[in-house]
Student: 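Structure provided below as structure tokens; questions to follow.
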Protein chains: 2
Amino acid sequence: MCITGFNGGMMRLLLVEDDDLLADGLQRALRAEGYTVDCIDRGDLVMPALQDGGFELVLLDLGLPGLDGMAALKLLRQKDKQIPVIIISARDALEDRISGLDGGADDYLVKPFSAAELIARVRARLRRRETPGTEVVQLGELAIDPERFTVSRNGEPVSLSRREMGVLLQLVRHRGRVLTRDQLEQGLYGWNEDVESNALEVHIHHLRKKLGSGLIRTVRGVGYSLSGEME
Amino acid sequence: MCITGFNGGMMRLLLVEDDDLLADGLQRALRAEGYTVDCIDRGDLVMPALQDGGFELVLLDLGLPGLDGMAALKLLRQKDKQIPVIIISARDALEDRISGLDGGADDYLVKPFSAAELIARVRARLRRRETPGTEVVQLGELAIDPERFTVSRNGEPVSLSRREMGVLLQLVRHRGRVLTRDQLEQGLYGWNEDVESNALEVHIHHLRKKLGSGLIRTVRGVGYSLSGEME
DNA sequence: GGGTGCCTTAAAGCAACCTTAAGGCGTCGT
DNA sequence: ACGACGCCTTAAGGTTGCTTTAAGGCACCC
């Protein structure tokens, strides 16, 4: 369940798996790829976890305590049709795979599988998002390279700290959408850390100072978003 | 699954497969599901075929005459990053699957596979193409985008405060129905707070001033509703 | 005409946000 | 190991502008 301090707004995955050993191994492998992974071990915790927001993809085991994986998937799809779901299950029967996919999963991987293949399939799903996390995003006078963690403005490189980059990446990834303060903080810290301060505001302030004040729009009482008019 | 109107959203698939027998069987199975299938048997025909347009998805074998499947995929992705590609191949080695997925494929199915599973995976891919757009509500001269927290009138952006947006969204969500003052206030503030003032009226007033006076209809003694039709 | 409910306006109150600055913590180089 | 440096957080004070309050006027119905 642990979340190490190593996340700078990288992509956040939700792993639902009750086998502690497997969960631990997968978390390790995924984190090595740069993903932020939060893990839960009960099916009935899926919806509360997603409520917090900030997840980009769900890895879902089927045999779960609390609520079966398929039931959890059904609930999930009633609320959120967008987020990609990859089922990881030992059930290898054809009808399991088909009902999983038709139940709203985007992929179905049968245990045992190689971590490398899982990661490749995660990549394939995440590639399809609004703004691919691995490509350079051109935004007005800015060029943002999520892979190399660099940003340049009018060709001049700008140096951003980890947290600043984390905030920026989340905003870029959901370009145009308004992200609440809570969502942004969850993305930076994970959900077990609690921030009772205005740290986020300070990071926003620094970003505006470095990247121009027109970039980030404040929606008072709601959150922040990238101003959409520059392209 | 009724057959009515089954040609309205006809999906056209491109099958790239050089084994005549398999190709024939797959075409049959896919057509039975209502897809339109065109089949080619050479890798170097993929690009010309896609040039014609109209395809929603590609089923790609790897061992192909003319041009290898992986090479064809690379060419394809240079031109078109959007169209889903499912690799169907007898190559079951881990590195094949990974390089296929990382090469831009959306799924990788190892032969032999069941037609039912292929169809389920095709469905899972095509599901993602329906209504990719946001849930922008178009209402007469107004366009309301809840995710971006923006409203525009005749294309001109209008700036709304949080409370104003809250009232408007509730009315839009129950378009046509009359919402009582209590319902609207409850939606704004929650259950435990009670407002002993005319704040709601003020917000309504501001909305009318910004969005036009014909939008919100007062039902005296009851509440408010969106006027059913605006010209 | 009187009562009731809604509209309009303006001003006070206040929460959210911005800005600045200082201290803590970890990192890196010497 | 020690010090220098940069980053993150915390805190305090200032600013903005939304929200509410309140009061008076208008419209509707009996």
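Within every chain, numbering begins at 1; the chains are lettered A, B, ... in the order of the sequence lines, protein sequences first and strands thereafter. Hydrogens, waters and symmetry mates are skipped; everything else that's a heavy atom, side chains included, is used.
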Student: With a cut-off of less than 4.0 Å, is there a side-chain N or O of S161(A) near OP1 or OP2 of dG6(D)?
Tutor: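 Negative; the distance criterion is not met.
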
Student: Rounded to the nearest angstrom, tell me the gap between atom CG in N198(A) and atom P in dG13(D).
Tutor: 14 Å

Student: Using only atom types and a distance under 3.5 Å, with no angle test, would you say the side chain of Q183(A) pairs donor to acceptor with the backbone of T180(A)?
Tutor: yes

Student: Using salt bridge (Lys or Arg N to Asp or Glu O under 4.0 Å) as the criterion, list what pairs up with D80(A), not counting sequence neighbours.
Tutor: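 If we apply the salt bridge (Lys or Arg N to Asp or Glu O under 4.0 Å) test to D80(A), skipping adjacent residues, there are no hits.
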
Student: Taking five pairs at each end, how big is the angle between the two axes of the helix from dG1(C)-dC30(D) to dT30(C)-dA1(D), to 10°?
Tutor: 30°

Student: Output the rounded distance in Å from CD (E201(B)) to P (dG24(D)).
Tutor: 16 Å

Student: Taking N or O atoms only and anything under 3.5 Å, show me the protein contacts with nucleotides 25-30 of chain D, one pair per line.
Tutor:
none

Student: Considering non-hydrogen atoms only, spot the tightest contact between I83(B) and R128(A) and give its length.
Tutor: O-NH2, 3.3 Å

Student: Under a 4.0 Å N-O cut-off, is there an ion pair linking D18(A) with R42(A)?
Tutor: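 Salt bridge absent between D18(A) and R42(A).
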
Student: Who are the salt bridge (Lys or Arg N to Asp or Glu O under 4.0 Å) partners of R163(B), not counting sequence neighbours?
Tutor: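 Expected list: none.
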
Student: Would you kindly give the NZ-to-C1' distance between K210(A) and dG6(D), to the nearest whole Å?
Tutor: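 Result: 10 Å.
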
Student: For a salt bridge (charged side-chain N to carboxylate O under 4.0 Å, His left out) with K111(A), tell me which candidate from D61(A), D96(A), D19(A) qualifies.
Tutor: D61(A)

Student: Just to verify, what does D107(A) make a salt bridge (Lys or Arg N to Asp or Glu O under 4.0 Å) with, not counting sequence neighbours?
Tutor: R121(A), R125(A), R121(B)

Student: With nearest nucleotides of DNA chain C determined for K209(A) and T218(B) from heavy-atom distances, which residue corresponds to the more 5′ nucleotide?
Tutor: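 Going by which nucleotide is closer to the 5' end, it is T218(B).
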
Student: May I have the distance from L160(A) (atom CG) to dC8(D) (atom P), rounded to whole angstrom?
Tutor: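 Whole-Å distance recorded here is 10 Å.
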
Student: In whole angstroms, how far is the P atom of dC8(D) from the NE2 atom of H203(A)?
Tutor: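 Rounded to the whole Å, the gap is 6 Å.
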
Student: Rounded to whole Å, please give me the gap between CD in E185(B) and P in dT21(D).
Tutor: 10 Å

Student: Name the first nucleotide and the last nucleotide along DNA chain C (5' to 3') that come under 4.0 Å of a heavy atom in chain B.
Tutor: dT4(C) to dT9(C)

Student: Of the non-hydrogen atoms in L171(A) and S225(A), which two are nearest, and what is the gap between them?
Tutor: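 Closest heavy-atom pair between L171(A) and S225(A): CD2-CA, 4.0 Å.
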
Student: Between the main-chain N or O of V85(B) and the side-chain N or O of D106(B), is there a donor-acceptor pair closer than 3.5 Å?
Tutor: yes

Student: Nearest heavy-atom pair of L211(A) and E141(A): which atoms, and what distance?
Tutor: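 So the minimum-distance heavy-atom pair works out to O-OE2, 4.3 Å.
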
Student: Rounded to whole angstrom units, what separation is found between the CZ atom of R162(A) and the C1' atom of dC8(D)?
Tutor: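 Those two atoms, CZ and C1', are 9 Å apart.
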
Student: Please report, rounded to the nearest Å, how far the C1' atom of dT20(D) is from the CD1 atom of I204(B).
Tutor: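 One finds 15 Å between C1' of dT20(D) and CD1 of I204(B), rounded.
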
Student: Could you check whether R12(A) makes a cation-pi contact with F55(A), meaning its NZ or CZ is under 6.0 Å from the centre of the six-membered ring and within 45° of the ring axis?
Tutor: yes

